[in-house]
Amino acid sequence: MKVVHSPLHARHDGGVELYRGQLVPLFEKPERAAMILAALEAAGHEVTPPRDFPESRLHRVHDAEFVAFLRGAYARWIAEDRQGHLLPSGFPARGMRRDHRPSGISGMLGYYAFDASTPIVAGTWDAALAAARAAMTAAALVVEGEAAAYALCRPPGHHAGRSTYGGYCYLNNAALAAQYLLDEGCRRVSVIDIDYHHGNGTQEIFWERDDVQFVSLHGTPDTEYPWFLGYADERGEGRGEGHTFNLPLPAGSGWDTYEGALGTALDAIRRYAPDALVVSLGVDTFAADPISAFRLDVPHYPLIGRLLAGLGLPTVLVQEGGYAVAEIGINVAGVIGAFATRAA
Ligand code: OKP
Ligand code: ZN
């Protein structure tokens, strides 16, 4: 399978996150992509760089002022004489104003961010843009006739909304890929999100749309990040009613539970009958993942790849989470290898 990847991801490095009361080095670190790339190269997959795209492609999914904020945030921070990484420290909660965007950088961070685990460092914009381009390039390859393509995105994207960032995500790579497919001729696209965490950003972006189905399998937000979206009663609104389908599972779930839920998700996609599929591929469902609590093991990832390929759809796979760095390569390569074999 063609793998789209840019070394620019490595510019997003050196940040910290607020985790259980401590500032710790980001779990979402450059070694993740290096391990995935090494495993995919070793398995013989062809690696290709992202293409360039006009900025207007980003605005199909994201608010233009939000994009401008992300691009300029670090320079502003330095101009206001602050140092290091940008982390927000205050948010507009219930009872406060969400309609006014403060002009100072600290207020702006709280306005656009929804957590304190997503730092902006000097190279964040370059890396986020490269990841978005990788996802759109993989979509372009599928439009041009590839059965499937994989975007090795870092940073990930599924928590980023139309004008919000968080959960290590800045631009929503999977949503950009789905929108690209629609803009280039698909009538309906399904997004299946199998990252451990609910893809709140993708859900929000397509909430009122009937041309995108969003189906997600994840640790229940009642105890797991991102806590405030991803419940089973969220089903979309307006034209989008019935096109969002959440399958929250208890922390501690193993393969038996997972396989049943995945089957239910795949049945829903078959009923929707899309022209193409986007997979938000997180491998933080792995038992040894340091921030997640499902219990999948190495042999389960090829099974997932086969089941996804069984849909028989043109497919863009987009990397999301996975923080057990030692096994992230073998697990991603397990999905991609099995998918490619089955789809061929
Ligand atoms: C990104 B992706 C939990 C802190 C959570 C953010 C997790 C982001 C996951 N105590 N920090 O979906 O893999
Ligand atoms: Zn995740």
Side-chain angles (χ1 to χ4, degrees), residues 9 12 15-33 35-36 85 87-89 91 113-120 124 127-128 131 135 151-161 164-175 191-205 214-230 246-249 251-253 258 261 278-296 301 304 317-325 327-328 331-332 335:
H9 80 84
H12 179 58
V16 295
E17 61 176 280
L18 185 59
Y19 180 72
R20 301 186 175 177
Q22 311 262 8
L23 276 183
V24 301
L26 262 192
F27 285 96
E28 199 292 287
K29 51 191 173 193
E31 292 74 20
R32 299 178 55 247
M35 296 296 277
I36 296 170
H85 19 254
L87 281 182
S89 47
F91 305 93
F114 64 83
D115 71 15
S117 51
T118 317
I120 295 176
T124 298
L152 204 182
C153 295
R154 183 184 170 271
H158 70 152
H159 296 299
T164 55
Y165 74 101
Y168 312 150
C169 302
Y170 306 87
L171 297 171
N172 194 313
N173 307 312
V191 179
I192 182 168
D193 190 322
I194 59 169
D195 185 278
Y196 180 76
H197 305 96
H198 177 249
N200 59 287
T202 315
Q203 174 172 308
E204 177 223 305
I205 288 166
F214 176 72
V215 181
S216 181
L217 235 71
H218 48 269
T220 176
D222 196 40
T223 58
E224 306 306 289
Y225 185 89
W227 306 302
F228 307 109
L229 212 64
N246 284 319
L247 290 148
L249 304 173
S253 293
Y258 189 88
V278 173
V279 181
S280 264
L281 176 58
V283 293
D284 42 9
T285 45
F286 183 55
D289 194 275
I291 64 166
S292 313
F294 282 170
R295 295 196 182 129
L296 302 200
Y301 291 93
I304 292 172
L317 298 111
V318 176
Q319 187 62 43
E320 302 286 359
Y323 308 97
V325 175
E327 295 91 354
I328 191 173
N331 289 338
V332 171
V335 175

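Each ligand, and each atom within it, is numbered from 1 in the order the structure gives.
For H159, the side-chain hydrogen bond (donor to acceptor under 3.5 Å, both in side chains) partners are N200, not counting sequence neighbours. Residues meeting the side-chain hydrogen bond (donor to acceptor under 3.5 Å, both in side chains) test with H158, sequence neighbours left out: D193. Evaluation of the side-chain hydrogen bond (donor to acceptor under 3.5 Å, both in side chains) rule for Y225 yields D115 as partners, not counting sequence neighbours.
Summarising the geometry, atom OG1 belonging to T202 is positioned 4.0 Å from atom CG belonging to N172; distances are rounded to the nearest 0.5 Å.
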What are the distances between nitrogen or oxygen atoms of ligand 1 and protein nitrogen or oxygen atoms, counting only those under 3.5 Å?
unit_1, atom_1, unit_2, atom_2, d
ligand 1, 12 (O), H158, NE2, 2.6
ligand 1, 12 (O), H159, NE2, 2.7
ligand 1, 12 (O), D195, OD1, 2.9
ligand 1, 12 (O), H197, ND1, 3.1
ligand 1, 13 (O), D195, OD2, 3.3
ligand 1, 13 (O), H197, ND1, 3.4
ligand 1, 13 (O), D284, OD2, 2.9
ligand 1, 13 (O), Y323, OH, 2.5

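The atom name of the N/O/S atom in D284 closest to the Zn ion (ligand 2) is OD2. Note on D195: its N/O/S atom closest to the Zn ion (ligand 2) is OD1. Considering just the N/O/S atoms of H197, the one nearest the Zn ion (ligand 2) carries the name ND1.
Using a 4.5 Å heavy-atom cutoff, the side chains of H12 and E28 are in contact. Here the side chains of P248 and D222 are not in contact, with every heavy-atom distance at 4.5 Å or above.
The aromatic rings of Y170 and Y165 lie parallel to each other, with less than 30° between the two planes, well short of the 60° mark.
Distance check for E320 against the Zn ion (ligand 2): none of its N/O/S atoms falls below 2.8 Å.
Between F228 and F114, the distance separating the two ring centers is not shorter than 6.0 angstrom.
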